[in-house]
Visitor: 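Attaching a single structure in structure tokens format; questions to follow.
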Protein chains: 2
Amino acid sequence: MRLLARLPGVGEKTAMRFALHLITDAALARELGASLVELPARIGPCERCGNLAELSADGQVRCSICRDTRRDPTLLCVVAKIQDLLAIERSGAMRGRYFVLGKLLSPLDGIGPEELPLRSLVAIIRSEAVTEAIIATPPSVDGEATALYIARELSGLGVRTTRIASGIPHGGDLEFADQITLGRALEGRRRIGE
Amino acid sequence: MRLLARLPGVGEKTAMRFALHLITDAALARELGASLVELPARIGPCERCGNLAELSADGQVRCSICRDTRRDPTLLCVVAKIQDLLAIERSGAMRGRYFVLGKLLSPLDGIGPEELPLRSLVAIIRSEAVTEAIIATPPSVDGEATALYIARELSGLGVRTTRIASGIPHGGDLEFADQITLGRALEGRRRIGE
């Protein structure tokens, strides 16, 4: 019960419901327990990009995207967290590979530049064929600060550093957009036609 | 009651509540009634841009933005509706003037190109010092179709036609963004740093 309540979004009541269910379904309890025990030995962070990777028997710790040779090696998309990587993958718009920061600069939470895995990022850019680093951190205060910091750190490495567009989302209404988003949508305008 | 229920978003019950209130507050009923009678003679569409304009005694029917000489005459922002114009004004990001289409192309609703006020738009661009037309229709299916149609119609007029950015809104989370928005955010990426 106490352990179940440590799952994200699970409070005491939900933990109790889970516990009571697991008591009545002993088979589920055993199966779930066994796979949880195995989990850390089977899934871990990809040693290159930080994505989830299935650990293979030969000790290779690369995720399926990093191993996929059909991926464009010149494009590297830098994201804040694995969930964002998965969302971009679902969109099908990214042909290249990724790099998961795991955190964003956040003065309020005491997260400074030294906590970002910048050294690994620079090592990848130096050793691989990357020509463009797309900073896809969220367009929040922390996300923008992180993007600018990374752009500065990457300058001089000979890669083109770009930032994903911020603006009105698909199907969104200008009338109900916040002022910063409207400002960015205008500022980030691009030529059409011709 | 019947007339009150014709106001947008007002159903029978709300209309009844309004009516009962107006019966008990005769002063409000008289004042509201008198100003509604006057309304069409005081406020009308700006003859240049379609924004709301206070009709002045000398018969001038230009809105305050079109009359404002401090506005940048080279920038023209094309919007779908007055509410969008007001939203962009609140953002403070637009130094130029506007043009309100009043509607968007919509095959499903039977709104074709001939219903857009393209002739007025072209006349403004031809006769004024406009160098850039910013198409700020919403990034919806109808809004995009309208933007492309206008861009094509304006090509050859010697103005630069641009489209506002579509992407992740300020403070938005990539994880919860829809796939089209993520695709646009990546496609519309811009250089940062340096």
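Proteins come first, then strands; the chains are lettered A, B, ... in the order of their sequence lines, and each starts at number 1. All values derive from a computational prediction rather than experimental measurement.
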Visitor: If you count heavy-atom pairs under 4.5 Å between each of A/Lys81, A/Arg152, A/Met94 and chain B, which one has the most?
Guide: A/Lys81
Visitor: If we define contacts as heavy-atom pairs under 4.5 Å, which of B/Leu174, B/Thr181, B/Leu182 has the most with chain A?
Guide: B/Leu174
Visitor: Go through A/Cys77, A/Gly188, A/Gly183, A/Ala185 and name the one with the most non-hydrogen pairs under 4.5 angstrom from chain B.
Guide: A/Ala185
Visitor: Is it the case that over 12 heavy atoms from other parts of the model lie below 6.0 angstrom from the CD atom of A/Glu12?
Guide: no
Visitor: With only heavy atoms counted, which part of A/Glu132 is less than 4.5 Å from chain B, the side chain, the backbone, both or neither?
Guide: side chain
Visitor: For B/Arg67, does the CZ atom have more than 12 heavy-atom neighbours from other residues, nucleotides or ligands under 6.0 Å away?
Guide: yes
Visitor: Quick one: what part of B/Leu75 sits under 4.5 Å from any heavy atom of chain A, side chain, backbone, both or neither?
Guide: side chain
Visitor: Under a single-linkage definition using a 4.5 Å side-chain heavy-atom cutoff for Ile, Leu, Val, Met, Phe, Trp and Tyr, are B/Leu157 and B/Leu118 assigned to the same hydrophobic cluster?
Guide: yes
Visitor: Please state whether the side chain, the backbone, both or neither of A/Ala147 comes within less than 4.5 Å of a heavy atom of chain B.
Guide: both
Visitor: For chain A, find which of B/Ile180, B/Leu86, B/Ile168, B/Asp142 contributes the most heavy-atom pairs closer than 4.5 angstrom.
Guide: B/Ile168
Visitor: A/Arg90 versus chain B, heavy atoms under 4.5 Å apart: side chain, backbone, both or neither?
Guide: both
Visitor: Select, from B/Ala87, B/Ala93, B/Ser140, B/Pro139, the one with the greatest count of heavy-atom pairs under 4.5 Å involving chain A.
Guide: B/Pro139
Visitor: Contact part of A/Ile150 toward chain B, heavy-atom cut-off under 4.5 Å: side chain, backbone, both or neither?
Guide: neither
Visitor: For B/Glu54, I'd like to know if atom CD has over 12 heavy atoms of other residues, nucleotides or ligands within 6.0 Å.
Guide: no
Visitor: Rounded at 0.5 Å granularity, tell me how far CZ in B/Arg184 sits from OG in A/Ser91.
Guide: 12.5 Å
Visitor: I need the A/Glu144 CD to A/Leu104 CG distance, nearest 0.5 Å.
Guide: 10.5 Å
Visitor: Among A/Asp84, A/Leu154, A/Thr162, single out the residue with the greatest number of heavy-atom pairs under 4.5 Å to chain B.
Guide: A/Thr162
